[in-house]
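Heads up, the thing below is written out as structure tokens.
Residue numbers begin at 1 in each chain, while the letters A, B, ... track the order of the sequences.
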Amino acid sequence: GAGVSQSPSNKVTEKGKDVELRCDPISGHTALYWYRQSLGQGLEFLIYFQGNSAPDKSGLPSDRFSAERTGGSVSTLTIQRTQQEDSAVYLCASSLAWTDYGYTFGSGTRLTVV
Amino acid sequence: DQQVKQNSPSLSVQEGRISILNCDYTNSMFDYFLWYKKYPAEGPTFLISISSIKDKNEDGRFTVFLNKSAKHLSLHIVPSQPGDSAVYFCAAGRSDTNAGKSTFGDGTTLTVKP
């Protein structure tokens, strides 16, 4: 596709349930990032994939969070045993050359844990 | 420890006037800086970047200034237009790590009044 596609756009889940968020990056972009934005806050880095290298997981807030990127394309962010503090907009981005063009972000998945 | 700070949560300017958005950073290892613009319910959109070897970069109505000694950058929008009303995020990163991971500020909401 022409842009970064994320699904679902909205997700309401009960506390304690697992959720999966999907990101389809721009074709040819080797770098893929997950960020999240809590209400009134900036963007918080979660995880970064670059080609076939081991992902940078340094931003994942707890071991309930994990992410995969299959075949160097689609990525799935999984949150196990969701908590209310996980409520946020989860943004995926991809890039070719981030220093000159920045990231291209998707529209995000708004996760609400009730 | 917030490494990128946007101290003004909001800014209001009149159409046609200059908008100046400010950003401060603490990590002297940052050598790449970016501005993003975000409309509601959309992902951030890359606007303009600047490398630490420069002190100014201009693109149409948008100019970014970098003062390395003060660890400060600013985004100037001239002339401001109502369509510029959005949240503006400052971001910083290190090109030497080749990680592409950016640290974002909390954003400044710009309102341009007709």
Note to self: Is A:S58 in contact with chain B via its backbone, its side chain, both, or neither, using a 4.5 Å heavy-atom distance?
What the structure shows: side chain
Next item on the list: Check the hydrophobic clustering (I, L, V, M, F, W, Y; side-chain heavy atoms under 4.5 Å; chains of links allowed) and say if A:V19 and A:V89 are grouped together.
Entry: no
Notebook entry, point to check: Is it the backbone or the side chain of A:Q37 that comes under 4.5 Å from a heavy atom of chain B, or both, or neither?
Noted result: side chain
Next item on the list: Establish, yes or no, whether a centroid distance under 6.0 Å links the rings of B:F104 and A:Y35.
Entry: yes
Item checked: Co-membership, hydrophobic cluster, residues B:L73 and B:Y32, 4.5 Å side-chain -> no
Check: Could B:K101 and A:Y48 be counted as a cation-pi pair, given that NZ or CZ must be under 6.0 Å from the ring centre and within 45° of the axis?
Finding: no
Notebook entry, point to check: Is atom CD of A:E14 surrounded by more than 12 heavy atoms (other residues, nucleotides or ligands) closer than 6.0 Å?
Noted result: no
Check: Highest number of heavy-atom pairs under 4.5 Å with chain A: which of B:V87, B:D106, B:T45?
Finding: B:D106
Margin query: In terms of relative ring orientation, are B:Y36 and A:Y103 parallel, tilted or perpendicular, with 30° and 60° separating the classes?
Written below: tilted
Notebook entry, point to check: Which heavy atom of A:L43 sits nearest a heavy atom of B:P44, and at what distance?
Noted result: CD2-CG, 4.0 Å
Check: Same cluster or not: are A:L111 and A:F65 linked, directly or through other Ile, Leu, Val, Met, Phe, Trp or Tyr residues, by side-chain heavy atoms under 4.5 angstrom apart?
Finding: yes
Notebook entry, point to check: Once you round to the nearest 0.5 Å, how far does CD of B:E42 lie from CZ of A:F105?
Noted result: 13.0 Å
Checklist line | Linked, directly or transitively: B:F30 and B:I48 (ILVMFWY side chains, under 4.5 Å) | finding: yes
Item checked: Shared hydrophobic cluster for B:W35 and B:L11 (ILVMFWY, side-chain gaps under 4.5 Å) -> yes
